[in-house]
Amino acid sequence: MTKPANPATEQDHKPSNFLRQIIENDLAQGTYASRRWAGSPGDAAHHAKGEPDPAKIRTRFPPEPNGYLHVGHAKSICINFGLAKEYGGVCHLRFDDTNPEKEDTEYVNSIIDAVKWLGFDWAQLGQAQGAAASQDCGAAPYQASDYFDFMYRAAEALIEAGHAYVDEQSAEDMRANRGDFGKPGVDSPFRTRTVEQNRTRFREMRDGKLADGAAVLRAKIDMASPNINLRDPAIYRIRRATHHHTGDTWCIYPMYTFAHPIEDALEQITHSICTLEFEDQRPFYDWLMERLCECKLLAAPSPKQYEFARLNLTYVITSKRKLAQLVNEGKVSGWDDPRMPTIVGLRRRGYTPTSLRLFADRIGVTKSDSWIDYSTLEGCLREDLENTAHRAMAVLDPVKLVLTNWDEVMGAGHLEPCTQPALPPAPQGASQGPEEGSVPTRHFKIGKEVWIERDDFLEEPPKGYKRLYPPRAGADGQMLPGNKVRLKGGYVIECTGCTKDANGVISEVQATVIPDTKSGTPGSATVKASAAITWVGVSDGLQAEVRLYDRLFADAQPDAGGKDFLAALNPDSLKVVTAYVEPSLANVPAGAHFQFERHGYFVTDRVDHAGGKLVFNKITGLKDSWAK
Ligand code: ATP
Ligand code: MG
């Protein structure tokens, strides 16, 4: 179980980066101070009727609802929502659903859940710069398909101004005539069509008079531009497809590069932040904004695009197509398999919103591609849970330990109550950690039989081994006593031997209990124990299924350079064991976080943990086990 998130784990002072500098500069210069906001997206005339925009900046997170979001999207969400929050702005959640074929409402809902779960809100104005605390900006999740009417108008406006034409070259001719890096493009024979011809033909495209692919509307810019994206890019295509939102209203759809800047402008976005692969599109973005402001369709000042490096995380794949392949080929149990880097997968695995936000802050924003080590993400999780996750004892590879003198010294069948705090005391001088008296106490009992970890006993211990081992002959031939350890929170015990089954596998370990050494009693320090081991009582321990997850891929860059990522799957990424856990875990809800002492961080499974069936997922170990 966890205490409420400890805000001190997220730095109050975030390091600067190039995006913050741009925003701070724009705020200082008043670049966007004159903007108006009419309460909903719209064209220049619409916003002119509005009030001065209460949002100092507007950013947006624009996923295509064609799959589940992954850890890379989490970075983008944290950047866009985080900046808006910090600078008294608002971040729009916008479904970029202009591509009719691939979208689905299942994805729309999962994206809404992911953004909320990460702790963000698209309707809330950030609190910086003296803005009212919880001013509602009325920004419902937007969808790009709501702007199809405007996009069509914008396309006609470009035609009227001589900035667009309907091209009916074959696809091959169009490709060949575009040229390449060393060769300028060649004008299409349709490039000289009159405004009248273009208007008529474009309306015929819209009205379904032309076959799919028979024509496209192209922006008329410069076929010789060194930037191939400016060589008359296509802005509308014919595609007879039923759109999940607009149905069969349209048989022409805008291209992404045309749609996206317009979506930004209608929503009065100030800073349109995207990943580096769109850098070459920026000149077209600016060109389009200038043309549509010239004809007074869009309000100035226009949004500006800024690019940052996408997240590459070692041992992880972030391509939606490849993630879908893992799901479809049954390599994982679904989109929310705890080994998946999807937000639903990370959540089920036990990652917390705080740990993901911390991760996004820590990796920062840069303009050059690099790889982030997976251990950075795990480190953020540990940092979040270290002071908040309740401790518990669990035995993952159990062997029975019998205290052979128990009945004699403690009383036959006696069960001795033991307690431990659910959280360790805060380190001296620490500002965080539990407050005095706020930490619940865990209760469990010790009796004649307890479960211990199989590897906490060795018949023939190597030098330096400090846990249980039986009496053995010393150098002089004299018998030395078995080793003494403390059963954590219980008694000091002395190992006396073990029993093996027919295969030579140890089936039971024996020891004697040393009375009066119980933890927390005056006698506890009288006998020296060389180690403390974790254990669970046979009388009150609970059986639990524990899913020991590890990295899904054994290769740090499983799909780099077109490698077959399926060949890099880690065969040991999931091991399921039957464990025993202490009785304080009897009624914990799903999604609760724990530190199993000596083992690592665990969470009750959101899907399978339910009434009477305890199921824990391993999130990560206490230390980085992959470090070299
Ligand atoms: P696909 O895998 O289909 O190419 P995509 O990653 O482009 O999808 P979108 O739904 O278009 O997915 O992404 C929404 C936003 O998330 C975009 O602004 C995109 O730049 C950002 N994004 C996607 N992947 C990453 C990543 N690995 N790191 C940072 N941001 C990302
Ligand atoms: Mg995309």
Side-chain angles (χ1 to χ4, degrees), residues 17 19 58-84 91-99 101-104 106-112 114-115 118 120 122 141-145 244 255-257 259-261 263-264 267 269 271-282 285 303-327 335 340-346 356-357 359-372 374 376-377 557-560 565:
N17 60 45
L19 292 174
R58 286 182 186 267
T59 57
R60 85 287 171 269
F61 174 65
E64 243 181 284
N66 64 350
Y68 282 83
L69 300 185
H70 54 61
V71 63
H73 296 113
K75 171 177 175 176
S76 181
I77 291 171
C78 291
I79 291 173
N80 283 295
F81 282 90
L83 289 171
C91 178
H92 297 193
L93 173 60
R94 177 203 309 149
F95 295 106
D96 211 328
D97 60 352
T98 52
N99 185 353
E101 284 124 68
K102 298 187 289 185
E103 281 119 25
D104 202 311
E106 174 195 351
Y107 302 131
V108 168
N109 294 333
S110 80
I111 291 167
I112 288 177
V115 172
L118 280 168
F120 295 110
W122 45 87
Y142 296 124
Q143 41 199 7
S145 56
H244 81 119
M255 303 300 284
Y256 179 85
T257 47
H260 201 86
E263 295 158 22
D264 286 344
E267 295 180 15
I269 299 302
H271 301 82
S272 177
I273 300 163
C274 61
T275 42
L276 279 174
E277 64 271 25
F278 294 101
E279 197 168 9
D280 290 345
Q281 298 286 359
R282 186 169 5 108
Y285 188 112
K304 290 270 180 241
Q305 175 182 306
Y306 304 96
E307 309 87 17
F308 68 97
R310 63 193 295 119
L311 170 68
N312 296 310
L313 191 59
T314 59
Y315 300 98
V316 162
I317 275 175
T318 50
S319 146
K320 279 183 205 157
R321 182 181 58 78
K322 291 174 187 167
L323 293 176
Q325 202 179 332
L326 292 172
V327 173
W335 288 101
M340 288 285 272
T342 50
I343 296 181
V344 281
L346 290 164
L356 292 172
R357 291 195 303 264
F359 176 66
D361 282 345
R362 191 148 298 167
I363 60 179
V365 194
T366 63
K367 278 201 87 81
S368 57
D369 273 311
S370 65
W371 283 81
I372 302 293
Y374 194 79
T376 309
L377 178 61
Q557 299 183 5
D559 60 347
F565 64 99

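All ligand and atom numbering here is 1-based and tracks the order in the structure.
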For [X], is at least one N or O under 3.5 Å away from an N or O on ligand 1?
X: K75; answer: no
X: L311; answer: yes
X: R321; answer: no

Handout entry: Basic-acidic side-chain contact under 4.0 Å: R94, D264
Key =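 Result for this pair is yes, salt bridge flagged.
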Handout entry: Electrostatic pair R60:E267 at N-O distance under 4.0 angstrom
Key =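 Not counted as a salt bridge, because no side-chain N and carboxylate O are separated by less than 4.0 Å.
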Problem - Test item: side-chain donor near acceptor, Y68 and E106, under 3.5 Å - result: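 A donor-acceptor contact under 3.5 Å links the two side chains.
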Exercise for the section: Taking side-chain contact (heavy atoms from CB on, under 4.5 Å) as the test, write out the residues that go with Q143, two or more places apart. Expected result: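 Once residues adjacent in sequence are excluded, the partners of Q143 under the side-chain contact (heavy atoms from CB on, under 4.5 Å) criterion are F95, D97, S145, D146, H245.
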Handout entry: T275: numbered ligand 1 atoms lying under 4.0 Å from its heavy atoms
Key =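 Under 4.0 Å from T275, ligand 1 has these atoms: 20 (O), 29 (C), 30 (N), 31 (C).
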Problem - Proximal atoms of ligand 1 relative to S76 (non-hydrogen, under 4.0 Å) - result: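 Counting from 1, the qualifying ligand atoms are 16 (O), 21 (C), 30 (N).
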Handout entry: Heavy-atom nearest neighbour of atom 16 (O) of ligand 1 within options E64, R60, K322, H73
Key =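 The residue whose heavy atom sits nearest atom 16 (O) of ligand 1 is H73.
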Exercise for the section: Measure the distances from the heavy atoms of F278 to every atom of ligand 1 and state whether one is below 4.0 angstrom. Expected result: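 Judged by the 4.0 Å heavy-atom criterion, F278 does not count as contacting ligand 1.
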Practice task
Please state whether H70 comes within less than 4.0 angstrom of ligand 1, counting heavy atoms only.
Solution key: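 It does, in that a heavy atom of H70 comes within the 4.0 Å cut-off of ligand 1.
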Practice task
Could you list the residues that satisfy ring-ring contact (aromatic ring centres under 6.0 Å, His included) with F359, not counting sequence neighbours?
Solution key: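 So F359 forms no ring-ring contact (aromatic ring centres under 6.0 Å, His included) with any residue.
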Handout entry: Whether F61 and F81 hold their rings parallel, tilted or perpendicular, with breakpoints at 30° and 60°
Key =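 Plane angle between 30° and 60°, so tilted.
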